[in-house]
S.K.: 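Following this message is one structure expressed as structure tokens.
These numbers were taken from a predicted model, which means no experiment stands behind them.
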Amino acid sequence: MSIRLRQVVFAATAALAMAVALPSSAGAAVGEFRYTYYDDFGNRAAGVLVEPDSRVCVTLPEVSDPDESEPAFAPQNFTGSTVTMFTGPDCDGDYYSLRPGGRATDRLKLRSAVFS
């Protein structure tokens, strides 16, 4: 194998190793985020986001339309990230934060969230 070919193979291998070793730009909040909402029949139901993406707004699917549903409530943050919750869909409206392991009462209303 020529010296030039070895250099090219080494450079390609090193570049591949670096690409695999670098963390991805969008991680996930490890764990679960739980909340309660009212289903179509007016019954309390449990919602959960499992390992939601970090730094991405998540509109809770069960309560995404303010004209069709009441907001979710009583969030429980069992992820390793701080969550900022919003009263409106698409991370709009008033906002509140919960640290990892935090819980809130039924009075805290939310329709969307973003994880740190």
Side-chain angles (χ1 to χ4, degrees):
M1 187 184 282
S2 73
I3 293 176
R4 177 82 174 140
L5 182 58
R6 282 187 217 164
Q7 289 173 334
V8 170
V9 169
F10 176 78
T13 304
L16 178 62
M18 284 181 59
V20 170
L22 291 175
S24 63
S25 61
V30 177
E32 293 182 348
F33 177 74
R34 299 178 188 167
Y35 53 93
T36 305
Y37 66 97
Y38 290 107
D39 66 16
D40 294 338
F41 303 104
N43 300 314
R44 287 173 71 113
V48 64
L49 300 175
V50 179
E51 298 194 1
D53 288 337
S54 297
R55 296 177 298 280
V56 175
C57 179
V58 178
T59 298
L60 307 179
E62 302 90 351
V63 297
S64 61
D65 186 350
D67 296 328
E68 297 291 324
S69 64
E70 294 294 319
F73 53 94
Q76 301 173 349
N77 184 12
F78 297 120
T79 73
S81 300
T82 297
V83 59
T84 302
M85 300 156 294
F86 297 82
T87 56
D90 303 317
C91 295
D92 193 26
D94 293 335
Y95 58 92
Y96 312 90
S97 293
L98 274 179
R99 69 184 186 287
R103 299 173 185 227
T105 68
D106 289 4
R107 294 185 305 182
L108 196 145
K109 310 296 185 196
L110 68 145
R111 290 189 187 273
S112 57
V114 65
F115 296 81
S116 63

S.K.: Kindly write out the residues that satisfy side-chain hydrogen bond (donor to acceptor under 3.5 Å, both in side chains) with Arg103, not counting sequence neighbours, or none if the list is empty.
M.R.: none
S.K.: Ignoring hydrogens and geometry, is there a side-chain-to-backbone donor-acceptor pair from Thr87 to Asp94 under 3.5 Å?
M.R.: yes
S.K.: Would you compute the distance between atom CD of Gln76 and atom OG1 of Thr36 and round it to the nearest 0.5 angstrom?
M.R.: 6.5 Å
S.K.: Has Asp39 got a side-chain atom pairing as donor or acceptor with Phe41's backbone, closer than 3.5 angstrom?
M.R.: yes
S.K.: CG of Asp40: more than 12 outside heavy atoms within 6.0 angstrom?
M.R.: no
S.K.: Linking Ile, Leu, Val, Met, Phe, Trp and Tyr by side-chain heavy atoms under 4.5 Å, what else ends up with Leu98?
M.R.: Phe33, Tyr35, Tyr37, Leu49, Val58, Leu60, Val63, Val83, Met85, Tyr96, Leu108, Leu110, Phe115
S.K.: Output all residues satisfying side-chain hydrogen bond (donor to acceptor under 3.5 Å, both in side chains) with Thr79, sequence neighbours left out; order by chain, then residue number.
M.R.: Asn77
S.K.: Got a sec, which residues hit side-chain hydrogen bond (donor to acceptor under 3.5 Å, both in side chains) with Thr82, two or more places apart in sequence or on another chain?
M.R.: none
S.K.: So, using salt bridge (Lys or Arg N to Asp or Glu O under 4.0 Å) as the criterion, who are the partners of Glu32 when residues are at least two apart?
M.R.: Arg34
S.K.: Other than Phe78, what residues sit in its cluster of Ile, Leu, Val, Met, Phe, Trp and Tyr side chains whose heavy atoms are under 4.5 Å apart, directly or through others?
M.R.: none
S.K.: Which ILVMFWY residues can you reach from Phe73 by hopping between side chains whose heavy atoms are under 4.5 Å apart?
M.R.: Tyr38
S.K.: Minimum heavy-atom separation for Gly88 and Ser112, please, with both atom names.
M.R.: O-OG, 2.5 Å
S.K.: Using side-chain heavy atoms (C-beta onward) and a distance below 4.5 Å, is Ser69 in contact with Glu62?
M.R.: no
S.K.: Would you say the side-chain atoms of Thr84 pair up with the backbone N or O of Ser97, donor to acceptor, closer than 3.5 Å?
M.R.: no
S.K.: List in chain and number order the residues that pass side-chain hydrogen bond (donor to acceptor under 3.5 Å, both in side chains) with Asp106, two or more places apart in sequence or in another chain; answer none if no residue qualifies.
M.R.: Arg44
S.K.: With ILVMFWY side chains joined below 4.5 Å, transitively, what does Val48's cluster contain besides itself?
M.R.: Val50
S.K.: Can you name the nearest heavy-atom pair linking Ser81 to Ala29, along with the distance?
M.R.: OG-CB, 3.5 Å
S.K.: Enumerate the residue pairs fulfilling disulfide bond (SG atoms under 2.5 Å apart) with a member in residues 34-116, sequence neighbours excluded, ordered by first and then second residue.
M.R.: Cys57-Cys91
